[in-house]
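Note sheet for the following structure.
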Amino acid sequence: MFTFLTNHWGLAGIGAIAGLVMLVFVYDVFIQKKHAIKHNFPIVGNIRYWLEMIGPEMRQYWVANDKEEMPFNRDERSWIYASSKGQNNNFGFGTTEQLYSIGYPIIKHAAFPFPEHKAEYAHKDKTYIPCLKTMGTVHQRRRPYQPQSVVNISAMSFGSLSANAVEAMNLGAQAAGCFHNTGEGGVSKYHCRGADLMWQIGTGYFGARNGDGRFSMDVVAQRVEENKHIRCIEIKLSQGAKPGKGGILPGVKVTAEIAATRDIPIGLDCISPNAHSEFDTVDELIDWIERLAERTGLPVGIKSAVGASGFWRKLATRMRQRGEGADFITIDGGEGGTGAAPLAFADHVSLPFKIGFARVYQIFQDEGISRDVVWIGSGKLGFPDRAVVAFAMGCDVIQIARESMMAIGCIQALKCHTGHCPAGIATQNRWLQAGLNVDDKSKRMARFIQSFRKELLSLSYACGYQHPCQFTGREIEFSTGVNQFSRLHDVLGYTRDDTGLKETRATDTSEPELVN
């Protein structure tokens with residue numbers, strides 16, 4: 001028999017395939033009872049389910065055009081991939097955008113750009129763009145923090161992301177000089193490879209709990225004392241992709257290591273509460289911020305999507321009256337991403353970034369304390385043009401998440417919630433993780449941040465500025481109708497606070513200087 005098979009391997013292969021098909025036929029027709037399509041069409045039905053499974057990949061490469069796919073189209077992904085790999089990230093033959101479509105932004109260049117040869121570099125990295133504000137100085141924190149990059153890595157938990165992905169991002173953040181937000185899953189050892197950390201504490205208090213699962217200030221203080229990389233603490237009230245609902249980590253991702261990090265059962269869905277147990281009112285939130293800051297010495301801020309405006313009015317009023325509260329505020333837009341969320345929450349709950357941020361920022365301006373806060377933007381801002389709009393609206397810093405995932409190899413397979421990410425990023429499958437080379441991907445992460453900042457500087461110079469936070473709503477226009485463009489300044493109804501840098505726009509081509 002063996003001799004026959006070796007001499008007639010072609011026939012043997014056909015026989016094996018036929019046998020496999022027969023087994024599938026028998027199983028689908030006589031054994032499984034769940035799928036009518038597979039029962040009625042046992043062979044074609046399986047092909048149908050297989051094609052459905054790889055549908056996102058098929059549409060990306062063979063069906064959708066360059067501007068069609070969501071949430072990131074092919075041109076956007078190509079720019080991220082090329083930037084992270086150090087390849088040519090330019091595009092040829094002009095724009096493919098519809099310039100007259102409603103909402104399309106235009107950045108207005110200056111007649112006399114800032115000369116690049118006059119730029120002074122305060123760092124060996126010529127893409128270095130520090131935040132112009134320092135977190136914690138207004139409220140006199142013992143350990144204030146000035147972010148050294150206006151572009152940073154947003155909140156993505158260990159658990160939602162693989163160990164290799166978190167480690168690659170952290171090493172890349174260290175090399176690029178930006179901070180790395182831990183996400184609400186706690187500070188893992190993979191976050192501690194050298195980058196500055198923004199420790200996010202969510203409603204589950206993972207990494208900040210005592211033995212009975214309740215929040216513990218002693219645990220927080222000890223962790224901060226032991227970890228010099230933690231530079232600030234972010235209290236997560238909500239996020240753009242699922243505001244008013246806690247984090248969701250499917251049980252398939254809850255490995256023994258994840259369970260130990262979060263102090264939760266292995267293999268069971270980890271669903272964070274939808275509300276904090278430590279505070280229920282604005283004043284209690286401010287009290288908690290102050291206790292955290294006093295115990296750790298660190299700047300403490302909040303992250304939230306924007307829904308009802310009453311909370312923000314009360315927060316701004318009480319912060320002004322008390323002279324206490326958040327050192328920084330992260331505003332997340334409804335277009336932000338997440339590893340898993342109910343469809344209704346992802347699609348319909350929370351305002352988009354530009355609308356939500358404008359409402360909150362103006363409330364704080366009206367109270368006269370917008371300068372006291374470091375403003376952080378989040379929600380699909382990982383492209384230079386969108387970042388410029390965010391800075392013009394009042395952001396001091398931005399955070400990017402899914403764009404960071406793509407920088408280390410994400411192919412937008414849309415399988416984050418299943419644990420079967422083919423790129424080894426949003427999974428705890430050891431086989432899939434093994435394909436993500438930490439050393440290579442960390443270099444890609446760093447190159448992406450640096451390429452991003454380089455383009456931000458180029459845009460700033462083109463508009464007569466030396467720092468992207470010098471942009472205001474006057475330099476941005478949006479299409480608001482047929483052959484009609486309106487200034488962002490007029491649409492918003494406010495102008496961002498000045499930066500303290502002398503403007504160089506229009507005929508003034510002198511070098512910007514700090515205003516004393």
Side-chain angles (χ1 to χ4, degrees), residues 83 105-135 137-138 144-152 176-179 196 328-331 357 361 365 370-378 381-400 448-476 487-489 492 494-516:
S83 299
I106 296 293
I107 302 169
K108 298 190 292 185
H109 69 284
F112 298 96
F114 178 84
E116 292 187 8
H117 68 272
K118 286 190 175 183
E120 292 186 355
Y121 302 103
H123 196 276
K124 62 180 180 180
D125 181 353
K126 292 186 177 182
T127 73
Y128 173 71
I129 315 177
C131 177
L132 296 176
K133 292 180 181 176
T134 300
M135 299 175 178
T137 55
V138 171
Y145 174 58
Q146 180 186 15
Q148 297 302 293
S149 174
V150 295
V151 181
N152 302 278
C178 68
F179 69 70
D196 289 347
F328 62 91
I329 295 177
T330 303
I331 299 296
F357 183 88
Y361 189 81
Q365 270 195 333
S370 55
R371 297 175 187 273
D372 298 344
V373 176
V374 174
W375 294 94
I376 303 177
S378 180
L381 299 178
F383 300 90
D385 58 301
R386 294 174 192 171
V388 164
V389 172
F391 292 131
M393 293 179 67
C395 286
D396 301 296
V397 167
I398 64 168
Q399 297 183 134
I400 54 178
F448 174 64
I449 296 292
Q450 291 165 335
S451 295
F452 194 119
R453 293 192 308 228
K454 180 180 179 181
E455 196 152 330
L456 275 178
L457 285 174
S458 294
L459 285 170
S460 300
Y461 296 158
C463 294
Y465 297 134
Q466 198 170 359
H467 194 286
C469 284
Q470 291 179 279
F471 279 100
T472 71
R474 297 185 179 91
E475 291 86 61
I476 314 293
R487 294 190 306 174
L488 177 62
H489 170 79
L492 294 176
Y494 72 86
T495 300
R496 70 158 291 155
D497 301 329
D498 64 73
T499 61
L501 292 174
K502 184 185 295 183
E503 291 192 4
T504 62
R505 198 170 161 77
T507 57
D508 179 10
T509 58
S510 61
E511 188 172 319
E513 298 176 355
L514 284 173
V515 176
N516 295 323

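All residue numbers refer to positions in the sequence shown, counting from 1.
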Please find the pair of heavy atoms, one from [X] and one from [Y], that lie closest to each other, and give the distance.
X	Y	result
Cys469	Thr499	O-CG2, 2.9 Å
Arg496	Phe391	NH1-O, 2.6 Å
Tyr461	Ala119	OH-CB, 3.4 Å
Ser149	Gly177	CB-O, 3.7 Å

Full working for side-chain contact (heavy atoms from CB on, under 4.5 Å) between Val151 and Ile129: CA-CA 8 Å; Val151 181; Ile129 315 177; over 6 Å; no
Rounded distance [0.5 Å steps], [atom1] in [X] versus [atom2] in [Y]:
X	Y	atom1	atom2	answer
Phe452	Cys178	CZ	SG	11.5 Å
Leu459	Asp385	CG	CG	8.0 Å
Glu475	His109	CD	NE2	12.5 Å
Gln399	Leu381	CD	CG	10.0 Å
Met393	His489	CE	NE2	13.5 Å
Ile376	Cys131	CD1	SG	8.0 Å

Any side-chain heavy-atom pair from [X] and [Y] closer than 4.5 angstrom?
X	Y	answer
Lys133	Trp375	yes
Leu488	Phe471	no
Ile398	Val150	no
Ile107	Cys463	yes
Leu132	His467	yes
Phe383	Glu455	no
Ser460	Gln470	no
Arg453	Asp125	yes

Would you check if the side chain of Lys454 reaches a backbone N or O of Lys126 as a donor-acceptor pair within less than 3.5 Å?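 No.
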Gln146 backbone acceptor or donor facing Gln148 side chain under 3.5 Å: yes
Just to verify, what does Thr134 make a side chain to side chain donor-acceptor pair (under 3.5 Å) with, not counting sequence neighbours?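 Side chain to side chain donor-acceptor pair (under 3.5 Å) list for Thr134, sorted by chain: empty.
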side-chain contact (heavy atoms from CB on, under 4.5 Å) with Val373: of Asp497, Asp396, Ile329, only one passes, and it is Ile329
Stepwise side-chain contact (heavy atoms from CB on, under 4.5 Å) check, Ile400 with Arg386: CA-CA 11 Å; Ile400 54 178; Arg386 294 174 192 171; over 6 Å; no
Relative to each other, are the rings of Phe357 and Tyr361 parallel, tilted or perpendicular (30° and 60° limits)?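 Aromatic pair Phe357/Tyr361 classed parallel.
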Verdict with supporting geometry, Lys108 and Arg487, side-chain contact (heavy atoms from CB on, under 4.5 Å): CA-CA 10 Å; Lys108 298 190 292 185; Arg487 294 190 306 174; 4.1 Å; yes
